[in-house]
Amino acid sequence: ALNRRLGALFKKIRGQARLTEANVMDAVKEVRTALLEADVSLAVARAFTEEIRVKAMGSEVLYSIRAADAFVKIVHDSLVKFLGGAVAPFRLDRRPSVILMMGLQGSGKTTTAGKLAAYFSAQQKSSLLTTLDRSRPAAAEQLEKLSKTAGVSYLRTAGDAASSARAAYEEAQRRNIAVVVLDTAGRTEVDPAVFAELRAARDAVPVEKKILVLDAMTGQAAVNIAKGFADEVGVDGVILTKFDSDTRGGAALSVYHLLRSPIVFVGEGETLDRLAPFHPDRIAGRILG
Amino acid sequence: GAFQPELPEEVYAELEDRLILADAGPATAAGIIESIQSKKPATVETLRGHFRSAIRERFSNSAAPIFALAPPTVWFVFGTNGAGKTTTAAKIASFYKSQGSTVGLVAADTFRAAAIDQLRVLAGRAGSEFYAMEEGAHPSAVIFDALSDKTIRSCNLVIVDTAGRLHTKTSLMEELAKMTKSCEKTAPGALTERLLVLDGTAGQNALVQAKTFHASLQLTGLIVTKLDASAKAGFLLAIRQDLPGVPVKWVGVGETLEDIAPFDPDAFVDGLVG
Ligand SMILES: Nc1nc2c(ncn2[C@@H]2O[C@H](COP(=O)(O)OP(=O)(O)OP(=O)(O)O)[C@@H](O)[C@H]2O)c(=O)[nH]1
Ligand SMILES: Nc1nc2c(ncn2[C@@H]2O[C@H](COP(=O)(O)OP(=O)(O)OP(=O)(O)O)[C@@H](O)[C@H]2O)c(=O)[nH]1
Ligand SMILES: [Mg+2]
Ligand SMILES: [Mg+2]
């Protein structure tokens, strides 16, 4: 953990009245290592530690007897302050509100679609789920079973993304359903052609929230993934999944740094009740180990 | 001898950055750079040669699949949620089917919605036998029943698909260990591969996944999926160092049944070194 490493580092200079610039450089190196071990992207780790260096040089940590703790506090508070920008109330203003789920293969889109429906149910808001995924075997069965578990409506659609999105939207209008969640197939950003389908859905109906579903254990690729989806389709919010693992979750920092769109929820388990609000202090604590 | 000027710091920094961007992790990246620096390469060509071999030497040359003395051979695939287990199990079945083997797929994920349906479709596409019980059945019971079944027992190769599980969930790890014991009791000597499926887009968490699964299940190999995405799976460098007895056996490079290949360390190093 960063605390322990800085403690070991500053132990060697305990006799000093104040930290030198060289001491701060050594500490900043440890911060950078901690961020990289937590899967924060290289560019963001660099930018962040430079900010920390400037803050440390201008602060009382230089004169602190408990320099290690004071230094960690600077880092922790900076992370929390920065990620605080990622907290925003998840407000839906339209009726029906359409949410488009997107993300890498296996990131948790289908499960999270079910979780969102359960979340809205708890708020007395009705949902209609459908999938535009025509490639994954039993994708429709999976979402239909989750809809049943959540006690929400499910629409079987066939055909392309635009017509399926329209069918779901019109069904929700007909039945006065509050929210439509469109599940989509997983895709990687490597071939930009794969995004055409998402754009077709986005353009076929008024999509209120385009949500990037990202696995919390994602490594340096998180930035490429986020950039791909943002550039090709647009991202209104991020849901970080599998946060119940022991992954440090630095991808959250990198993706927020790039997109500046809110982290609207965190997935913390396999069952439909495991959707929680995003707390900056929790992820800051995990990133720092 | 003649004075040997050192190569500029930027040359090393660029390589270290490349390793970090490939998810090698800062400690592994620094270690590899230090080992190269200590060799004092005089030219960039020599440096690149050291860089390549420092990475290549971490991968063993003996990563052949292990078969039982007599059919059926049974392989388990397990790993964290969404890593690609089900798809990979079917890919491997298809791989051997197309070589003339009779293959079977056992749907031991009785937990996740439509997991059995998903594998059933894939088994059909792979031309493989298929065994499942009802959703919600006890996974150890599925294993016992499957390996008592005549059709499954007559397959050359049987691959058992299991539910995704986080290595941090003790009861789920225990469930998996019990499933392997159920297999060994029902078909002694058949279980020859315990394969951890790792998501190629993962970061440093892959290392603790590998260590935790290995401690509990004695892995015989690793499978890395989604290498067709932009990620480079540099975490394998640390895993190979910390778990030298666990070779990388297969890589997944796409979503169709053909997108699987035996691990090729030279191709992997090419992808990493560039
Ligand atoms: N532990 C844990 N598992 C999760 C979470 N969210 C999803 N999962 C699991 O992750 C796996 C993949 O979830 P899916 O919903 O099928 O992922 P997907 O993005 O729809 O996958 P594709 O459609 O194939 O791209 C499943 O086993 C889910 O149960 C979470 O927050 N925690
Ligand atoms: N691009 C790409 N996608 C892959 C690869 N392997 C699996 N996938 C996709 O990843 C997603 C998840 O695959 P699954 O096989 O369902 O993963 P799993 O580990 O069985 O998931 P759970 O059982 O829910 O834990 C699916 O959309 C697959 O098509 C791969 O090598 N490349
Ligand atoms: Mg899905
Ligand atoms: Mg599966």
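What you see is a predicted model, and the numbers here were worked out from it, not measured in a lab. Throughout, protein chains are lettered first and strands after them, A, B, ... in sequence-line order, and every chain is numbered starting at 1. Values below: all heavy atoms of this structure, side chains included; hydrogens, waters and symmetry mates excluded.
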Top of B:T87, B:L122, B:L21, B:V121 for chain A proximity - count of heavy-atom pairs under 4.5 angstrom: B:L21
A:R46 and B:D17, any side-chain heavy atoms less than 4.5 Å apart: yes
Selection from A:S107, A:P137, A:A138 maximising heavy-atom pairs under 4.5 Å formed with chain B: A:P137
Spacing of B:D228 atom CG and A:T188 atom OG1 [to the nearest 0.5 Å]: 6.0 Å
Distance (rounded to the nearest 0.5 Å) between B:H167 NE2 and A:T247 OG1: 8.0 Å
Max heavy-atom pair count under 4.5 Å with chain B, selected residue of A:E144, A:E141, A:M217, A:R32: A:M217
From CD (A:Q142) to CZ (B:R112), nearest 0.5 Å: 4.0 Å
Shortest non-hydrogen contact from B:A113 toward A:L146: CB-CD2, 4.1 Å
Nearest atoms (heavy-atom pairs only) where A:G219 meets B:D23: CA-OD1, 3.4 Å
Chain A contacts, top residue of B:G25, B:A229, B:A30 (heavy-atom pairs, under 4.5 Å): B:A229
A:R274, CZ atom: more than 12 neighbouring heavy atoms under 6.0 Å: no
Closest non-hydrogen atom pair between A:D39 and B:G203, with its separation: OD1-CA, 3.3 Å
Distance in Å, B:T201 OG1 paired with A:L214 CG, rounded so as to fall on 0.5 Å steps: 8.5 Å
A:V190 versus B:S230, closest heavy-atom pair with distance: CG2-N, 3.6 Å
Worked verdict on B:D117 versus A:K145 for side chain to side chain contact (heavy atoms under 4.5 Å, CB included): CA-CA 11 Å; B:D117 302 322; A:K145 283 179 177 168; 2.8 Å; yes
Contact class of A:R187 relative to chain B, heavy atoms under 4.5 angstrom: neither
B:K169 atom NZ, neighbour heavy-atom count above 12 within 6.0 Å: yes
Steps toward side chain to side chain contact (heavy atoms under 4.5 Å, CB included) verdict (B:N81, A:E270): CA-CA 9 Å; B:N81 305 75; A:E270 297 186 69; 2.9 Å; yes
B:F111, part contacting chain A, at a heavy-atom distance under 4.5 Å: side chain
Interchain contact, A:D244 with chain B, by part (heavy-atom threshold 4.5 Å): both
Point-to-point distance, once rounded to the nearest 0.5 Å, from CD of B:Q204 to CZ of A:R248: 9.5 Å
A:E21, CD atom: more than 12 neighbouring heavy atoms under 6.0 Å: no
Chain B contact via A:D246 - side chain, backbone, both or neither, heavy atoms under 4.5 Å: both
Winner by heavy-atom pair count (cut-off under 4.5 Å) against chain A, out of B:T80, B:T168, B:V208: B:T168
Gap separating the CG atom of A:L104 from the CG atom of B:D199, nearest 0.5 angstrom: 7.0 Å
